[in-house]
Number of protein chains: 2
Amino acid sequence: MSDHRAGSFGPAEGRTGGKRSGVLELAVLGLLHETPMHGYELRKRLNALLGAFRAFSYGSLYPCLKELLLRGLIADESADDAPRALAGRRSKIVYRMTAEGKERLQDLLAEAGPAAWEDDGFGIRFAFFGQTRADVRLRILEGRRSRLEERMESVRAALARTRERLDSYTLELHKHGLESVEREVRWLNELIASERESGPGANTPT
Amino acid sequence: MSDHRAGSFGPAEGRTGGKRSGVLELAVLGLLHETPMHGYELRKRLNALLGAFRAFSYGSLYPCLKELLLRGLIADESADDAPRALAGRRSKIVYRMTAEGKERLQDLLAEAGPAAWEDDGFGIRFAFFGQTRADVRLRILEGRRSRLEERMESVRAALARTRERLDSYTLELHKHGLESVEREVRWLNELIASERESGPGANTPT
DNA sequence: TTTGCGATGTATCGCTGCGATACATCGCGC
DNA sequence: GCGCGATGTATCGCAGCGATACATCGCAAA
């Protein structure tokens with residue numbers, strides 16, 4: 001019972017206590033793209049950026065930062081240009097993106113597959129839509145919409161199957177849940193329409 | 001400025017110690033209260049019950065079941081009334097509630113504190129409102145509402161602080177998120193009203 | 001002056017729960 | 001008699017949370 005990863009895809013690295021981070025990686029890279037920052041501020045900005053949608057904690061942020069450093073996607077700015085003469089003094093770590101980091105960010109922002117229409121993946125990508133190519137935006141929006149439609153369909157089917165066994169509170173819960181999803185679909189429709197309207201040739205640079 | 005939980009409720013709720021799952025425990029107990037079942041069906045029913053709101057996986061269900069067995073809150077029915085003569089044959093495990101389990105369920109359903117107005121805790125409890133005392137229902141509904149209002153307030157404040165730095169997509173995300181919360185508050189208001197209406201003396205028995 | 005406090009800042013530990021996977025049995029059509 | 005999908009039990013690796021520890025800095029009340 002040990003070591004059986006079929007490993008069809010997924011980079012076989014990590015280990016050594018290394019923490020992988022899907023969405024956080026994009027979030028960090030996306031923010032650092034603007035200006036260098038240290039962890040504390042990164043978190044504040046991140047949570048301000050995402051608002052009601054999501055909040056990250058230090059328990060995930062710092063391990064992620066550590067890993068990104070290791071992978072060379074970000075670097076400690078205070079280390080490469082500081083005088084270094086000051087012996088041992090260091091309490092702040094200012095992170096900046098490296099060239100590899102920028103490349104990675106571009107790859108992540110170009111991703112328009114399933115990962116980009118899951119709840120987390122979508123939300124975080126949407127927050128960085130300003131840096132995303134117009135055609136990718138559209139594909140993500142549409143993918144998200146069909147993902148939600150799928151979900152609604154399966155919930156509705158399950159509901160139809162069990163409706164008579166459910167009490168009024170459960171029914172109410174389902175109704176509310178379904179309406180939330182419907183509302184998001186409507187929102188997506190508006191966004192898609194306005195994307196299409198602003199010209200299918202519009203490519204947003206950087 | 002502080003983005004920490006201000007702790008207006010503080011330690012009064014007697015945490016300070018490793019606390020067990022809570023959510024799944026309640027779900028399992030709540031379902032098993034009706035009829036005995038095995039894990040597979042438990043999961044199906046659970047996800048049908050919760051619908052769009054939430055879905056549990058085996059990775060959490062089975063460990064939870066194991067722990068509940070250990071704690072004596074549920075028992076393996078096929079073990080205590082089966083002939084036992086059949087040597088070694090066993091593939092299904094049918095769980096039933098014990099007296100301790102029923103007691104525990106009552107305690108969980110009576111809980112109307114902070115744990116009951118977090119996203120998960122609230123949803124799961126709402127699904128079992130049919131088994132909850134009317135006054136507890138009301139307190140949970142009101143607690144949930146004020147929790148959401150708190151959240152909206154802090155998001156709005158953060159938004160006001162950073163609005164000018166955000167691009168149109170991020171603004172759209174915030175708007176949508178805020179509206180979702182507002183919608184849930186309105187929903188809660190309706191529920192509260194209808195709870196109050198149906199008489200403050202109404203105590204639902206099991 | 002000192003003391004205390006809240007914001008800033010870095011970091012880790014224990015835990016919950018997910019997702020993928022493995023494997024076994026059963027019923028049923030062909 | 002065979003395949004195949006539903007039923008059924010179970011675990012592993014990992015992401016991310018929440019609490020916590022600790023250190024420094026600026027500032028205002030004592």
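Chain identifiers are assigned alphabetically (A, B, ...) following the order of the sequence lines, protein sequences preceding nucleic acid strands; residue numbering begins at 1 within each chain.
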Asks: Using OP1 and OP2 only, check whether a side-chain N or O of A:K92 sits under 4.0 Å from D:dC25.
Replies: no
Asks: Roughly how far, to the nearest 0.5 Å, is the CG atom of A:L31 from the CE atom of A:M37?
Replies: 5.0 Å
Asks: Whole Å only: how far is the CD1 atom of A:I93 from the P atom of C:dT8?
Replies: 18 Å
Asks: For B:M37 and D:dT7, what is the distance between atoms CE and C1' respectively, to the nearest whole Å?
Replies: 15 Å
Asks: How many Å lie between CG on B:L65 and P on D:dT11, as a whole number?
Replies: 12 Å
Asks: Of the nucleotides C:dG9, C:dG17, D:dG8, which one has an atom closest to the side chain of A:Y40?
Replies: C:dG9
Asks: I want to check one thing: is the phosphate of D:dT11, taken as OP1 and OP2, less than 4.0 Å away from some side-chain N or O of B:K66?
Replies: yes
Asks: Under the salt bridge (charged side-chain N to carboxylate O under 4.0 Å, His left out) test, which residues partner B:K175, sequence neighbours left out?
Replies: B:E172
Asks: Is there side-chain contact between A:F56 and A:L50, with at least one heavy-atom pair below 4.5 Å?
Replies: yes
Asks: Can you check the B:E25 CD to C:dC15 P distance for me, whole Å?
Replies: 16 Å
Asks: Out of B:E184, B:E149, B:E118, which residue meets the side chain to side chain donor-acceptor pair (under 3.5 Å) rule with B:R144?
Replies: B:E184
Asks: In whole angstrom, what separates A:R43's CZ from C:dT8's P?
Replies: 12 Å
Asks: Could you give the CG-to-C1' distance, from A:D76 to C:dT10, as a whole number of Å?
Replies: 12 Å
Asks: Quick one, A:R71 and A:L68 - any side-chain contact, counting heavy atoms below 4.5 Å?
Replies: yes
Asks: Let me know, please, whether A:D120 or B:Y95 comes out on the 5' side of the other along DNA chain D by nearest nucleotide.
Replies: B:Y95
Asks: Can you say whether the rings of A:W187 and B:H176 are parallel (under 30°), tilted (30 to 60°) or perpendicular (over 60°)?
Replies: parallel
Asks: Between A:Y62 (OH) and C:dC13 (P), how many Å, whole number?
Replies: 16 Å
Asks: Give the rounded distance in Å between these two atoms: CG of B:L61 and P of C:dG19.
Replies: 14 Å
Asks: With the threshold set at under 4.0 Å for non-hydrogen atoms, list the residues of residues 48-60 of chain B touching DNA chain D in residue-number order.
Replies: B:Y58, B:G59
Asks: Under a 3.5 Å cutoff, is there a donor and acceptor pairing between the side chains of B:S180 and A:R183?
Replies: yes
